[in-house]
Amino acid sequence: MKCQDVQQALDAQLIGTLGREEAEALDAHLAGCAECQALVADARRLQAELRLLGVEGPSPRAWERLSARLEADPEFQRAAAEAVEADPGTRRLDWRWVALAAALVIVIAGSLMALRRGLGTAPVAPAPVVADVPADATPGDLVTSIESELDLAAKHYENAIAGLERVASETDSPIDPAVMATVKENLEIIDQAIDDSRQALRTDPQSQLAQESLFDAFRRKVALLQDTIALMNEMRKGNPSRATAIASGLNKG
Amino acid sequence: MPVTSHAADVRLAARCRAGDLAAFEEMYRLHSTRLYAVAYRMLGRAEDAEDMLQEIFLLAFRKIASFKGDSSLGTWLYRLGVNACLDRLRSKARRNDQQTEWLDDDLPPPQATTDGGGGVLHRIDLERAVRALPSGCRAAFLLHDVEGFEHREIASLLGIAEGTSKSQVHKARMRLRGLLGREPTGGTRA
(Lines give C-alpha, C1' and ligand atoms only; values in the text may rest on other atoms or scores of the structure.)
Protein backbone atom coordinates (compact mmCIF):
# COMPACT_ATOMS: atom_id res chain seq x y z
CA MET A 1 0.00 0.00 0.00
CA LYS A 2 1.20 3.52 -0.85
CA CYS A 3 0.40 6.84 0.81
CA GLN A 4 -2.17 7.70 -1.87
CA ASP A 5 -4.11 4.51 -1.06
CA VAL A 6 -4.36 5.24 2.64
CA GLN A 7 -7.28 7.66 2.34
CA GLN A 8 -9.51 5.05 0.72
CA ALA A 9 -8.49 2.39 3.23
CA LEU A 10 -9.08 4.80 6.09
CA ASP A 11 -12.55 5.63 4.76
CA ALA A 12 -13.41 1.94 4.66
CA GLN A 13 -11.96 1.32 8.09
CA LEU A 14 -13.90 4.17 9.70
CA ILE A 15 -17.23 2.84 8.43
CA GLY A 16 -16.32 -0.76 9.17
CA THR A 17 -16.09 -2.10 5.63
CA LEU A 18 -12.33 -2.66 5.43
CA GLY A 19 -11.49 -6.28 4.69
CA ARG A 20 -8.92 -8.27 6.64
CA GLU A 21 -6.27 -8.24 3.92
CA GLU A 22 -6.61 -4.50 3.33
CA ALA A 23 -6.44 -3.91 7.07
CA GLU A 24 -3.18 -5.82 7.26
CA ALA A 25 -1.80 -3.87 4.28
CA LEU A 26 -2.80 -0.61 5.94
CA ASP A 27 -1.15 -1.56 9.21
CA ALA A 28 2.02 -2.56 7.37
CA HIS A 29 2.13 0.82 5.62
CA LEU A 30 1.47 2.76 8.83
CA ALA A 31 4.30 0.94 10.58
CA GLY A 32 6.72 2.57 8.19
CA CYS A 33 5.07 5.95 7.49
CA ALA A 34 4.84 8.44 10.37
CA GLU A 35 2.80 10.96 8.36
CA CYS A 36 0.09 8.46 7.44
CA GLN A 37 0.19 7.04 10.94
CA ALA A 38 -0.58 10.49 12.39
CA LEU A 39 -3.34 11.05 9.84
CA VAL A 40 -5.05 7.75 10.61
CA ALA A 41 -4.59 8.11 14.37
CA ASP A 42 -6.14 11.58 14.28
CA ALA A 43 -9.07 10.40 12.20
CA ARG A 44 -9.75 7.49 14.56
CA ARG A 45 -9.43 9.71 17.61
CA LEU A 46 -11.72 12.32 16.06
CA GLN A 47 -14.29 9.63 15.31
CA ALA A 48 -14.20 8.36 18.89
CA GLU A 49 -14.50 11.87 20.33
CA LEU A 50 -17.30 12.92 18.01
CA ARG A 51 -19.26 9.80 18.79
CA LEU A 52 -19.39 10.96 22.39
CA LEU A 53 -20.97 14.30 21.53
CA GLY A 54 -24.62 14.44 22.49
CA VAL A 55 -24.72 11.02 24.14
CA GLU A 56 -26.00 12.67 27.32
CA GLY A 57 -29.36 12.84 25.55
CA PRO A 58 -32.07 15.48 25.68
CA SER A 59 -33.11 17.28 28.85
CA PRO A 60 -35.63 15.47 31.07
CA ARG A 61 -38.28 18.05 30.17
CA ALA A 62 -38.03 17.32 26.45
CA TRP A 63 -40.62 14.54 26.64
CA GLU A 64 -43.08 16.76 28.52
CA ARG A 65 -42.85 19.35 25.77
CA LEU A 66 -43.21 16.74 23.05
CA SER A 67 -46.17 15.02 24.70
CA ALA A 68 -47.92 18.38 25.13
CA ARG A 69 -47.43 19.09 21.44
CA LEU A 70 -48.68 15.65 20.47
CA GLU A 71 -51.76 15.94 22.66
CA ALA A 72 -52.54 19.32 21.11
CA ASP A 73 -52.04 17.98 17.59
CA PRO A 74 -55.43 17.58 15.84
CA GLU A 75 -54.16 14.66 13.80
CA PHE A 76 -52.96 12.85 16.91
CA GLN A 77 -56.29 13.49 18.63
CA ARG A 78 -58.16 12.21 15.58
CA ALA A 79 -56.04 9.06 15.44
CA ALA A 80 -56.68 8.40 19.13
CA ALA A 81 -60.43 8.96 18.78
CA GLU A 82 -60.64 6.73 15.70
CA ALA A 83 -58.73 3.96 17.45
CA VAL A 84 -61.15 3.99 20.38
CA GLU A 85 -64.15 3.99 18.03
CA ALA A 86 -62.71 1.13 16.00
CA ASP A 87 -61.99 -0.95 19.06
CA PRO A 88 -64.17 -0.07 22.06
CA GLY A 89 -62.52 -2.85 24.01
CA THR A 90 -59.11 -1.29 23.67
CA ARG A 91 -57.00 -0.96 26.78
CA ARG A 92 -56.97 2.78 26.43
CA LEU A 93 -60.29 3.61 28.01
CA ASP A 94 -59.70 7.33 28.37
CA TRP A 95 -63.01 8.48 26.94
CA ARG A 96 -64.97 5.77 28.71
CA TRP A 97 -63.43 6.80 31.99
CA VAL A 98 -64.19 10.44 31.31
CA ALA A 99 -67.76 9.62 30.32
CA LEU A 100 -68.18 7.42 33.36
CA ALA A 101 -66.76 10.10 35.62
CA ALA A 102 -69.17 12.63 34.15
CA ALA A 103 -72.07 10.20 34.62
CA LEU A 104 -71.03 9.57 38.18
CA VAL A 105 -70.95 13.27 38.96
CA ILE A 106 -74.41 13.73 37.45
CA VAL A 107 -75.82 10.78 39.37
CA ILE A 108 -74.28 11.91 42.62
CA ALA A 109 -75.32 15.51 42.05
CA GLY A 110 -78.85 14.22 41.46
CA SER A 111 -78.64 12.16 44.62
CA LEU A 112 -77.55 15.16 46.63
CA MET A 113 -80.41 17.18 45.23
CA ALA A 114 -82.83 14.44 46.23
CA LEU A 115 -81.35 14.30 49.69
CA ARG A 116 -81.54 18.04 50.09
CA ARG A 117 -85.17 17.95 49.03
CA GLY A 118 -85.87 15.11 51.35
CA LEU A 119 -84.09 16.72 54.24
CA GLY A 120 -86.03 19.97 53.70
CA THR A 121 -82.98 22.19 53.18
CA ALA A 122 -82.94 25.09 50.76
CA PRO A 123 -82.71 23.65 47.25
CA VAL A 124 -80.12 24.72 44.74
CA ALA A 125 -81.72 27.03 42.15
CA PRO A 126 -83.98 26.61 40.31
CA ALA A 127 -86.09 25.54 43.24
CA PRO A 128 -88.02 22.37 42.47
CA VAL A 129 -91.47 21.80 43.93
CA VAL A 130 -91.15 19.11 46.56
CA ALA A 131 -94.32 17.09 46.66
CA ASP A 132 -92.85 14.03 48.32
CA VAL A 133 -93.37 15.24 51.85
CA PRO A 134 -96.83 16.62 52.66
CA ALA A 135 -97.01 19.80 54.71
CA ASP A 136 -98.94 18.09 57.46
CA ALA A 137 -96.60 15.12 57.62
CA THR A 138 -95.82 13.79 61.05
CA PRO A 139 -92.21 13.36 62.21
CA GLY A 140 -92.66 9.63 61.57
CA ASP A 141 -93.78 10.28 57.98
CA LEU A 142 -90.83 12.61 57.51
CA VAL A 143 -88.36 10.03 58.73
CA THR A 144 -89.89 7.39 56.43
CA SER A 145 -89.78 9.78 53.48
CA ILE A 146 -86.17 10.73 54.20
CA GLU A 147 -85.29 7.06 54.56
CA SER A 148 -86.76 6.30 51.14
CA GLU A 149 -84.97 9.30 49.59
CA LEU A 150 -81.74 8.18 51.15
CA ASP A 151 -82.28 4.67 49.88
CA LEU A 152 -83.05 5.96 46.39
CA ALA A 153 -79.98 8.19 46.40
CA ALA A 154 -77.84 5.37 47.72
CA LYS A 155 -79.14 3.07 44.97
CA HIS A 156 -78.17 5.54 42.22
CA TYR A 157 -74.89 6.12 43.91
CA GLU A 158 -74.09 2.43 44.31
CA ASN A 159 -75.10 1.71 40.71
CA ALA A 160 -72.70 4.35 39.48
CA ILE A 161 -69.89 3.01 41.63
CA ALA A 162 -70.65 -0.55 40.54
CA GLY A 163 -70.37 0.58 36.90
CA LEU A 164 -67.09 2.22 37.67
CA GLU A 165 -65.76 -0.89 39.36
CA ARG A 166 -66.97 -3.07 36.48
CA VAL A 167 -65.00 -1.04 33.95
CA ALA A 168 -62.00 -1.02 36.26
CA SER A 169 -62.10 -4.80 36.52
CA GLU A 170 -62.12 -5.20 32.71
CA THR A 171 -58.50 -4.15 32.45
CA ASP A 172 -55.35 -4.27 34.51
CA SER A 173 -55.39 -1.32 36.84
CA PRO A 174 -52.51 0.97 35.90
CA ILE A 175 -52.44 2.34 39.44
CA ASP A 176 -49.72 1.30 41.83
CA PRO A 177 -51.15 -1.14 44.45
CA ALA A 178 -49.91 1.07 47.32
CA VAL A 179 -51.78 4.08 45.89
CA MET A 180 -54.88 1.94 45.29
CA ALA A 181 -54.72 0.77 48.90
CA THR A 182 -54.70 4.42 50.01
CA VAL A 183 -57.70 5.12 47.80
CA LYS A 184 -59.61 2.18 49.29
CA GLU A 185 -58.68 3.18 52.81
CA ASN A 186 -59.95 6.72 52.20
CA LEU A 187 -63.14 5.40 50.59
CA GLU A 188 -63.79 3.24 53.66
CA ILE A 189 -63.33 6.24 55.95
CA ILE A 190 -65.73 8.28 53.82
CA ASP A 191 -68.25 5.42 53.70
CA GLN A 192 -68.10 5.23 57.47
CA ALA A 193 -68.78 8.98 57.66
CA ILE A 194 -71.75 8.55 55.29
CA ASP A 195 -73.16 5.73 57.45
CA ASP A 196 -72.71 7.77 60.62
CA SER A 197 -74.42 10.79 59.05
CA ARG A 198 -77.32 8.67 57.85
CA GLN A 199 -77.72 7.20 61.31
CA ALA A 200 -77.71 10.68 62.84
CA LEU A 201 -80.31 11.87 60.32
CA ARG A 202 -82.58 8.97 61.11
CA THR A 203 -82.44 9.96 64.76
CA ASP A 204 -82.85 13.70 64.04
CA PRO A 205 -83.93 14.49 60.47
CA GLN A 206 -83.68 18.25 61.13
CA SER A 207 -80.08 18.10 62.33
CA GLN A 208 -78.14 20.68 60.33
CA LEU A 209 -74.87 19.13 61.47
CA ALA A 210 -75.86 15.65 60.27
CA GLN A 211 -77.01 17.02 56.90
CA GLU A 212 -73.81 18.98 56.38
CA SER A 213 -71.75 16.01 57.44
CA LEU A 214 -73.54 13.77 54.95
CA PHE A 215 -73.12 16.23 52.08
CA ASP A 216 -69.50 16.76 52.99
CA ALA A 217 -68.88 13.01 52.94
CA PHE A 218 -70.58 12.73 49.55
CA ARG A 219 -68.52 15.59 48.16
CA ARG A 220 -65.33 13.96 49.43
CA LYS A 221 -66.26 10.67 47.85
CA VAL A 222 -67.04 12.33 44.52
CA ALA A 223 -63.71 14.19 44.62
CA LEU A 224 -61.78 11.07 45.52
CA LEU A 225 -63.40 9.02 42.75
CA GLN A 226 -62.80 11.79 40.24
CA ASP A 227 -59.15 11.96 41.27
CA THR A 228 -58.84 8.19 41.01
CA ILE A 229 -60.28 8.24 37.51
CA ALA A 230 -58.02 11.14 36.54
CA LEU A 231 -55.05 9.22 37.90
CA MET A 232 -55.97 6.16 35.84
CA ASN A 233 -56.28 8.37 32.78
CA GLU A 234 -52.91 9.97 33.25
CA MET A 235 -51.26 6.60 33.89
CA ARG A 236 -52.78 5.22 30.71
CA LYS A 237 -51.82 8.30 28.73
CA GLY A 238 -48.28 8.01 30.02
CA ASN A 239 -48.09 11.28 31.95
CA PRO A 240 -46.16 10.21 35.05
CA SER A 241 -45.63 13.79 36.30
CA ARG A 242 -49.34 14.61 36.26
CA ALA A 243 -50.16 11.19 37.70
CA THR A 244 -47.72 11.81 40.57
CA ALA A 245 -49.32 15.17 41.30
CA ILE A 246 -52.77 13.56 41.42
CA ALA A 247 -51.54 10.61 43.48
CA SER A 248 -50.06 12.94 46.11
CA GLY A 249 -53.47 14.64 46.32
CA LEU A 250 -55.18 11.29 46.86
CA ASN A 251 -53.27 10.77 50.08
CA LYS A 252 -54.86 13.89 51.46
CA GLY A 253 -58.29 12.29 51.07
CA MET B 1 -29.39 1.54 19.24
CA PRO B 2 -31.71 -0.42 21.53
CA VAL B 3 -32.32 -4.01 20.43
CA THR B 4 -36.00 -4.66 19.84
CA SER B 5 -37.70 -7.53 18.08
CA HIS B 6 -39.35 -7.06 14.70
CA ALA B 7 -42.74 -7.99 16.11
CA ALA B 8 -42.34 -5.57 19.02
CA ASP B 9 -41.37 -2.78 16.61
CA VAL B 10 -44.40 -3.40 14.42
CA ARG B 11 -46.73 -3.50 17.44
CA LEU B 12 -45.24 -0.33 18.87
CA ALA B 13 -45.53 1.48 15.54
CA ALA B 14 -49.18 0.43 15.25
CA ARG B 15 -49.93 1.79 18.71
CA CYS B 16 -48.18 5.05 17.90
CA ARG B 17 -50.17 5.30 14.68
CA ALA B 18 -53.35 4.94 16.73
CA GLY B 19 -52.49 8.00 18.79
CA ASP B 20 -51.44 6.05 21.88
CA LEU B 21 -49.38 8.50 23.90
CA ALA B 22 -47.97 5.80 26.18
CA ALA B 23 -46.66 3.96 23.10
CA PHE B 24 -45.16 7.16 21.83
CA GLU B 25 -43.38 7.68 25.11
CA GLU B 26 -42.02 4.14 24.88
CA MET B 27 -40.69 4.86 21.39
CA TYR B 28 -39.25 8.14 22.63
CA ARG B 29 -37.51 6.50 25.59
CA LEU B 30 -36.01 3.84 23.33
CA HIS B 31 -34.71 6.07 20.57
CA SER B 32 -34.48 9.70 21.67
CA THR B 33 -30.90 9.53 22.99
CA ARG B 34 -29.44 8.34 19.72
CA LEU B 35 -31.54 10.76 17.66
CA TYR B 36 -30.61 13.62 19.94
CA ALA B 37 -26.92 12.79 19.58
CA VAL B 38 -27.19 12.81 15.78
CA ALA B 39 -29.03 16.13 15.85
CA TYR B 40 -26.54 17.54 18.33
CA ARG B 41 -23.58 16.67 16.14
CA MET B 42 -25.22 17.81 12.92
CA LEU B 43 -26.63 21.07 14.24
CA GLY B 44 -23.95 21.82 16.79
CA ARG B 45 -26.00 23.20 19.68
CA ALA B 46 -28.03 21.59 22.45
CA GLU B 47 -31.06 23.86 22.01
CA ASP B 48 -31.14 23.24 18.25
CA ALA B 49 -30.78 19.50 18.85
CA GLU B 50 -33.68 19.46 21.28
CA ASP B 51 -35.91 21.42 18.89
CA MET B 52 -34.91 19.03 16.14
CA LEU B 53 -35.75 16.05 18.32
CA GLN B 54 -39.28 17.38 18.76
CA GLU B 55 -39.60 17.83 15.01
CA ILE B 56 -38.29 14.33 14.34
CA PHE B 57 -40.87 12.69 16.61
CA LEU B 58 -43.73 14.83 15.29
CA LEU B 59 -42.62 13.89 11.79
CA ALA B 60 -42.41 10.25 12.87
CA PHE B 61 -46.08 10.37 13.91
CA ARG B 62 -47.07 11.82 10.52
CA LYS B 63 -45.07 9.21 8.63
CA ILE B 64 -45.43 6.19 10.85
CA ALA B 65 -47.95 4.63 8.47
CA SER B 66 -45.05 4.20 6.04
CA PHE B 67 -43.17 2.03 8.53
CA LYS B 68 -43.75 -1.51 7.32
CA GLY B 69 -41.17 -3.28 9.43
CA ASP B 70 -38.70 -3.73 6.56
CA SER B 71 -36.02 -2.31 8.82
CA SER B 72 -36.02 -1.92 12.59
CA LEU B 73 -38.01 0.96 14.00
CA GLY B 74 -34.74 2.41 15.29
CA THR B 75 -33.20 2.41 11.82
CA TRP B 76 -36.34 3.90 10.31
CA LEU B 77 -36.37 6.68 12.90
CA TYR B 78 -32.65 7.24 12.46
CA ARG B 79 -32.99 7.74 8.70
CA LEU B 80 -35.93 10.04 9.29
CA GLY B 81 -33.87 11.99 11.81
CA VAL B 82 -30.82 12.29 9.57
CA ASN B 83 -32.97 13.55 6.70
CA ALA B 84 -34.71 16.03 8.98
CA CYS B 85 -31.33 17.35 10.16
CA LEU B 86 -30.13 17.68 6.57
CA ASP B 87 -33.30 19.55 5.62
CA ARG B 88 -32.69 21.92 8.52
CA LEU B 89 -29.09 22.50 7.44
CA ARG B 90 -30.13 23.07 3.84
CA SER B 91 -32.82 25.57 4.71
CA LYS B 92 -30.45 27.38 7.05
CA ALA B 93 -27.83 27.48 4.31
CA ARG B 94 -30.42 28.79 1.84
CA ARG B 95 -31.32 31.60 4.22
CA ASN B 96 -27.66 32.53 4.64
CA ASP B 97 -26.41 31.70 1.17
CA GLN B 98 -24.72 35.07 0.77
CA GLN B 99 -22.74 34.72 3.97
CA THR B 100 -21.78 31.06 4.24
CA GLU B 101 -20.52 28.24 2.07
CA TRP B 102 -22.35 24.91 1.78
CA LEU B 103 -19.28 22.92 0.75
CA ASP B 104 -15.60 23.46 1.42
CA ASP B 105 -14.36 24.80 -1.89
CA ASP B 106 -10.76 25.47 -0.93
CA LEU B 107 -11.51 27.83 1.92
CA PRO B 108 -8.50 29.48 3.56
CA PRO B 109 -6.64 27.26 6.03
CA PRO B 110 -8.05 27.45 9.53
CA GLN B 111 -6.29 28.89 12.55
CA ALA B 112 -5.77 26.46 15.43
CA THR B 113 -7.91 27.32 18.44
CA THR B 114 -6.52 24.73 20.87
CA ASP B 115 -3.37 22.82 21.66
CA GLY B 116 -5.25 19.56 21.17
CA GLY B 117 -5.39 18.59 24.84
CA GLY B 118 -8.19 16.52 26.43
CA GLY B 119 -11.00 17.38 28.87
CA VAL B 120 -13.93 19.74 28.85
CA LEU B 121 -12.09 22.54 27.12
CA HIS B 122 -11.23 20.17 24.32
CA ARG B 123 -14.85 19.22 23.89
CA ILE B 124 -15.79 22.87 23.52
CA ASP B 125 -13.01 23.30 20.97
CA LEU B 126 -14.11 20.21 19.15
CA GLU B 127 -17.72 21.40 18.94
CA ARG B 128 -16.59 24.82 17.79
CA ALA B 129 -14.31 23.31 15.17
CA VAL B 130 -17.08 21.09 13.77
CA ARG B 131 -19.49 24.05 13.69
CA ALA B 132 -16.88 26.02 11.75
CA LEU B 133 -17.09 23.59 8.83
CA PRO B 134 -19.37 24.60 5.95
CA SER B 135 -22.74 22.87 6.54
CA GLY B 136 -22.60 20.50 3.59
CA CYS B 137 -19.00 19.60 4.27
CA ARG B 138 -19.82 19.02 7.96
CA ALA B 139 -22.82 16.85 7.03
CA ALA B 140 -20.78 14.70 4.63
CA PHE B 141 -17.99 14.30 7.17
CA LEU B 142 -20.28 13.44 10.10
CA LEU B 143 -22.40 11.09 8.04
CA HIS B 144 -19.30 9.23 6.94
CA ASP B 145 -16.82 9.29 9.78
CA VAL B 146 -19.25 9.31 12.70
CA GLU B 147 -22.50 7.81 11.48
CA GLY B 148 -20.91 5.25 9.17
CA PHE B 149 -22.70 6.02 5.88
CA GLU B 150 -20.97 5.07 2.63
CA HIS B 151 -20.05 7.77 0.14
CA ARG B 152 -22.67 6.66 -2.36
CA GLU B 153 -25.37 6.99 0.31
CA ILE B 154 -24.09 10.41 1.33
CA ALA B 155 -24.03 11.48 -2.30
CA SER B 156 -27.66 10.49 -2.61
CA LEU B 157 -28.68 12.13 0.69
CA LEU B 158 -26.92 15.40 -0.11
CA GLY B 159 -27.54 15.46 -3.83
CA ILE B 160 -23.85 15.59 -4.69
CA ALA B 161 -21.47 13.36 -6.66
CA GLU B 162 -19.81 10.46 -4.87
CA GLY B 163 -16.40 11.96 -5.60
CA THR B 164 -17.54 15.22 -4.02
CA SER B 165 -18.53 13.34 -0.88
CA LYS B 166 -15.06 11.79 -0.69
CA SER B 167 -13.28 15.08 -1.16
CA GLN B 168 -15.51 16.90 1.33
CA VAL B 169 -14.90 14.27 4.01
CA HIS B 170 -11.19 14.44 3.39
CA LYS B 171 -11.18 18.24 3.53
CA ALA B 172 -13.19 18.19 6.74
CA ARG B 173 -10.66 15.88 8.38
CA MET B 174 -7.78 18.08 7.35
CA ARG B 175 -9.54 21.25 8.44
CA LEU B 176 -10.42 19.76 11.84
CA ARG B 177 -6.83 18.68 12.34
CA GLY B 178 -5.80 22.24 11.67
CA LEU B 179 -8.47 23.77 13.90
CA LEU B 180 -7.64 21.41 16.74
CA GLY B 181 -3.92 22.04 16.52
CA ARG B 182 -2.99 18.56 15.38
CA GLU B 183 -1.71 19.65 11.98
CA PRO B 184 0.00 22.93 11.23
CA THR B 185 -1.98 23.59 8.03
CA GLY B 186 -5.43 22.83 6.67
CA GLY B 187 -4.15 21.77 3.27
CA THR B 188 -4.97 18.47 1.61
CA ARG B 189 -2.46 15.68 1.55
CA ALA B 190 -3.16 12.79 -0.73
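Residue numbering restarts at 1 for every chain, and letters A, B, ... go by the order of the sequence lines. Treat the numbers as computed from the prediction; the structure is a model and nothing was measured.
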Scored by heavy-atom pairs under 4.5 Å with chain B, the best of A:L14, A:T17, A:D11, A:L70 is A:D11
For atom CD of A:E21, is the number of surrounding heavy atoms from other residues, nucleotides or ligands below 6.0 Å larger than 12? no
Of all of A:G54, A:G57, A:A62, A:P58, which one pairs up most often with chain B through heavy atoms under 4.5 Å apart? A:P58
If you compare all heavy atoms of B:L176 against all heavy atoms of B:V130, which two are closest, and at what distance to 0.1 Å? CD2-N, 3.8 Å
In terms of heavy-atom proximity below 4.5 Å to chain B, should A:R78 be classed as side chain, backbone, both, or neither? neither
For the residue pair B:F149 and B:Y78, does the interplanar ring angle fall in the parallel (under 30°), tilted (30 to 60°) or perpendicular (over 60°) class? parallel
Can you tell me which portion of B:F141 sits under 4.5 Å from chain A's heavy atoms? Options are side chain, backbone, both or neither. side chain
Below 4.0 angstrom, N of the basic side chain to O of the carboxylate: do A:D5 and A:K2 qualify? no
Okay, B:L35 and chain A: the region with an atom under 4.5 Å from a heavy atom over there is neither
Would you mind checking which part of B:F61 comes under 4.5 Å of any heavy atom in chain A, side chain (CB onward), backbone (N, CA, C, O), both or neither? side chain
Is the closest basic N to carboxylate O distance between B:D125 and B:R128 below 4.0 Å? yes
Interatomic distance, SG@B:C137 vs CZ@B:R175, rounded to 0.5 Å, equals 7.5 Å
4.5 Å side-chain heavy-atom contact, B:R62 and A:D73: yes
Which atoms of A:S59 are under 4.5 Å from chain B, going by heavy atoms: the side chain, the backbone, both sets, or neither? both
Residue, of B:K166, B:E55, B:E147, B:R17, that accumulates the most heavy atom pairs under 4.5 Å with chain A: B:E55
Name the region of B:E50, side chain, backbone, both or neither, that has any atom closer than 4.5 Å to a heavy atom of chain A. side chain
Just so I understand: if I count every heavy-atom pair under 4.5 Å between each of B:E127, B:E26, B:H151, B:R41 and chain A, which residue has the most? B:R41
